[in-house]
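Residue numbers start from 1 in every chain, and the chains themselves are labelled A, B, ... in the order their sequence lines are given, proteins ahead of strands.
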Amino acid sequence: MSKYLVFSAWPYINSEPHLGTLLHLISADYYARFLKSMGNDVISISGSDEHGTPIEVEAIKQHKNPKELTDEMHKRILKILEAFSVELDNYTRTENETHKEFVRDFYLQLEKNGYIFKQKTVQLYCENDKLFLPDRLVTGKCPYCGYEKANGDQCDNCGRLLEPTLLIEPRCAICGSKPVKKETYHWFFDLPKLNKEILKYVETLDENIKSYLKSMLNEGLKPRSITRDNKWGIPAPFEGAENKTIYVWMEAVLGYLSGVIELEKKIDKNLFETFWLDPQTTSVYFIGKDNIPFHAIILPALLMASKKGYNLPKKIASTEFILFGQAKFSKSQHIGVWASDALSVADGEYWRYVILALRPERGDSSFNWQDFDKMVNSDLNDKVGNYIHRVLTFLNERFSGIVPPQESFTKEDEIFSKSMMDIQESFIKLNYELRIKDAVRKFIEAAELGNQYFSSQEPWNQIKSNKARASSIIYNAVQSIAHINFMMYPIMPKKATKLASIIKLEKIRKPEKWEVIPSGTKIERPTPLFQKIVIKY
RNA sequence: GCCGGGGUAGCUCAGCUGGUUAGAGCGCCAGACUCAUAAUCUGGAGGUCGAGGGUUCAAAGCCCUCCCCCGGCACCA
C-alpha cells in the first residue's frame, strides 16, 4: 500500500466546461478510484479557479458582481461533476477561507525567505472599465501588417508576437475606449534564484514534459510577477500592495496544498503532513499540455522557495488536446462539446468511457459523433453489456440464479481464466504507468474474451447433454464478470457499483485469484447495464 | 522567426532504442451460432507508412531537403 496525492488542474469557471476541461477531472477521478481499488491510501483534490480579470470581465458582461457569478458557476460545476460521477475527496474553490489564508501565509513566507521583490512597470489602463488591461484585452491595428483587430499579445492575421504598447490605436477589448498608459508597481517571484534547483528537478520528469520546457529553460528563467491590479482576487499580503491581488495562477496552484488542509479540517485527521511532507507520497497531476510550465517549473519553484520540504510534483500526466473533427474546441466559434450538451445526449458515465478511451496521451485526438456512437453502442452496450447480460440471464434461467459448482476444469477453462487474469494484470500495469487509454482498452478486451469463451463453449448446447460441463462454463463466466467489474469501476463507478450489487460483491477491490464469487451465491435477476442511444449527427 | 508534437488501411489510432509477409478497433464483404438488448463468434478484402534523396545486408522507424496540420514562446487563464 502506498500513499498518493491525485490532482486535476483546476477548471477556470468563466464559462461552462467542455470535454477538454472534463478530461482532467475525469482522469483524476478515474485514477484515484483505480488506486483506491488497489488498496492504496489516496487523496484526490481539485476545485474551481475563480479569480482574475476574465471573471471580472464576464461579470461585467452579465451585470453581476464577480462573487455572484462564481457562486453560480461553482454550483453548476458541482452538478456537472456529479453527473459525470466525479467525486474527488475535496472539490473546493479558490474563494474558500482556508485557501485564502494559506496563500497569504505562503507568500509572506516566500518574502521572508528572500524570493520576492518589487518593481515598477507600465501598463495600459481602461479608465472607463477601471481595469488594468491584460495584453489580450487590448486590440488595435497591427504595426506590421496593418490588421485592424490585432490583440495585444499577438496578431491573428500575421501571427507576430506583439506588446500592447506597440499597437496602433489601441482599444479596450471590453468597451472599445482608448486606454491610457499608467505606471504601477508589481511584486515578482525571483525565479532565477532557483534556476539550478529547477534544472535539476526537471531532469527527473518525463521526456515529453522536458521537451515542452526546452525553449523556456534555454532562454533562462525570468522573474515572474505575482501581483495584479485587479479587485477580484486574493489581496496581496505585501506591505504597500494594499490595492493589489495575487495573480490567479500563482494562487490557484496552491490549492493543491490548501485543498488538503481544508479536507483535513473537515474529517479531523492529520492529512497534510502525512501526505505533503512524506517523501514516500507519490503526487500525480492531470493537466493539459498548456499547463506544463506552471506545474513543472512554477509550482515546484514555489514549493522549493517555501523551504518547508513539500513534495515536488512526481508525475505530471499531461495530455494533448481533444479536437472536434479537425478543429480545436472554440468558445467563440461554438466548436466542440460542452458539458450540458454532452449530458443531454448520453449518460455521464458513457462519456467517461468515451473520454478516457480517447485520452490524447500521445498526440491530439479527435472526437466525432460516429465514433462516439460506436463506442457507446458497440463497445459498451453490445460487447460489455451484452456479455454480462447473457451470462447472468443464462445463470438465472438455467440455474435459478445460483452460481453452479466448477465440476470440470478443461484446457479451455484454463486458457480462459489465465487470459482473463493476464488482461487484468496488464490493466493494472498500464494504469500504474499512466497509460490510461490503453488500460481502458483492456476492459473492452476482457469482454471480448468473455464473449469468445461463451460462444465457443456453447453452454446452451452443453446443458442439454452435459449439465456438469455447463455448470463449469457458467461458473467461469461469472468469475470473469467479477474481474470485468473491477476494471469497470474506475471507468464507470455507478454502473460498476450496480453490477457489484447484482453479483453480490460488497466491495470492489482487485481480485487476487480467479474465484471471486463462490459457488452457491444467489445472484439477482439482471437488468441490462447499458442501453443503446440514438444520436443524430 | 525559434522550440516541440503530428502526418501509417474509408474512419480513430498503435507500432518509431532499424530486422520475420506493417498491426488493432470501427466500417465493409462473407460465413457460423441462437444463451443474450439483431447482440455474439469466425474468416476475408483493404495501406507505394506526407514527398524526394541518403546511410544500411535491412527503414514507417536513423540523416538531409521540402510540403501540410497543431501547440508553446512566460503576466492568457
Side-chain angles (χ1 to χ4, degrees), chain A residues 9-14 49-55 121 123 132 134-137 151-154 159-161 164 186 188-189 191 208 210-219 221-228 247-250 252 288-294 297-298 320-321 323 326-328 357-358 360-368 370-375 377-379 381-383 385-398 437-438 441 444-445 447-448 450-463 470 473-474 477 526-532:
Chain A
W10 291 40
Y12 194 70
I13 58 169
N14 61 338
D49 181 2
E50 58 182 317
H51 294 134
T53 307
I55 298 276
T121 65
Q123 262 183 36
F132 275 95
D135 291 359
R136 224 174 239 190
L137 288 180
N151 292 322
D153 55 348
Q154 186 167 26
R160 300 190 73 148
L161 297 178
H186 278 300
F188 287 76
F189 175 42
L191 211 44
N208 70 317
K210 273 191 259 185
S211 65
Y212 264 102
L213 302 172
K214 217 169 164 181
S215 59
M216 202 165 158
L217 293 172
N218 285 345
E219 286 173 32
L221 297 175
K222 295 168 194 163
R224 191 101 188 184
S225 75
I226 51 180
T227 50
R228 287 292 182 276
Y247 173 36
V248 265
W249 245 115
M250 300 299 260
K289 59 181 169 182
D290 51 334
N291 265 334
I292 290 174
F294 259 97
I297 292 180
I298 313 266
E320 309 284 311
F321 294 134
L323 306 177
Q326 296 302 308
K328 203 191 159 188
L358 278 177
E361 288 170 4
R362 193 175 190 81
D364 293 343
S365 64
S366 65
F367 173 91
N368 64 61
Q370 284 85 346
D371 285 355
F372 177 80
D373 188 327
K374 166 247 144 189
M375 285 192 225
N377 290 330
S378 173
D379 289 352
N381 186 74
D382 295 347
K383 281 184 185 152
N386 191 242
Y387 175 59
I388 293 165
H389 196 65
R390 74 197 290 207
V391 171
L392 297 184
T393 304
F394 198 94
L395 176 69
N396 256 276
E397 299 275 322
R398 307 306 180 95
K437 182 184 187 159
D438 291 340
R441 187 69 219 161
I444 302 296
E445 274 178 34
E448 284 171 348
N451 276 319
Q452 283 163 18
Y453 174 76
F454 208 77
S455 293
S456 66
Q457 297 310 300
E458 302 179 342
W460 55 89
N461 284 334
Q462 294 292 343
I463 197 148
I473 296 164
I474 297 305
T527 50
L529 272 186
F530 304 100
Q531 284 84 40
K532 287 207 182 204

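The side chain to side chain contact (heavy atoms under 4.5 Å, CB included) check on A/His389 picks up A/Thr393, A/Pro526, A/Pro528, with sequence neighbours excluded. Residues satisfying the salt bridge (Lys or Arg N to Asp or Glu O under 4.0 Å) test with A/Glu397, not counting sequence neighbours, are A/Arg525. Contacts of A/Gln462 classified as side-chain hydrogen bond (donor to acceptor under 3.5 Å, both in side chains), with partners at least two apart in sequence or in another chain: none. Residues satisfying the side-chain hydrogen bond (donor to acceptor under 3.5 Å, both in side chains) test with A/Tyr247, not counting sequence neighbours, are none. For A/Asn291, the side chain to side chain contact (heavy atoms under 4.5 Å, CB included) partners are A/Ala9, A/Trp249, A/Ile287, A/His295, not counting sequence neighbours.
Residue A/Ile388 is out of contact with every strand shown, counting any heavy-atom pair closer than 4.0 Å. A/Asp438 comes within 4.0 angstrom of no nucleic acid atom, judged by non-hydrogen atoms across all strands. Contacts of A/Arg441 with the nucleic acid, taken as non-hydrogen atoms under 4.0 Å apart, involve only primed sugar atoms and P, OP1 or OP2.
Nearest to the side chain of A/Pro54, among B/C13, B/C76, B/A74, sits B/C76.
The P atoms of B/G5 and B/C76 are separated by 27 Å, rounded to the nearest whole Å. Going from the P atom of B/G43 to that of B/C33 covers 16 Å, rounded to whole Å. Nucleotides B/A39 and B/A45 are separated by 26 Å at their P atoms, to the nearest Å.
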Shorter than 3.5 Å, N or O on both sides, protein versus nucleotides 38-45 of chain B: list them out with atom names.
{"residue": "B/A39", "atom": "OP1", "partner": "A/Lys532", "partner atom": "NZ", "Å": "2.6"}
{"residue": "B/A39", "atom": "O5'", "partner": "A/Asp382", "partner atom": "OD2", "Å": "3.4"}
{"residue": "B/A39", "atom": "O5'", "partner": "A/Lys532", "partner atom": "NZ", "Å": "3.2"}
{"residue": "B/A39", "atom": "O2'", "partner": "A/Asp382", "partner atom": "O", "Å": "3.2"}
{"residue": "B/A39", "atom": "O2'", "partner": "A/Asn386", "partner atom": "OD1", "Å": "2.6"}
{"residue": "B/U40", "atom": "O2'", "partner": "A/Arg390", "partner atom": "NH1", "Å": "3.1"}
{"residue": "B/U40", "atom": "O2'", "partner": "A/Ser455", "partner atom": "OG", "Å": "3.1"}

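Judged by Watson-Crick or G-U wobble contacts below 3.5 Å, the nucleotide B/G23 has B/C13 as its partner.
Remark: ring of A/Phe394 does not overlap the six-membered base ring of B/C35 in a stacked fashion, as centroids less than 5.5 Å apart with planes less than 30° apart are not both met.
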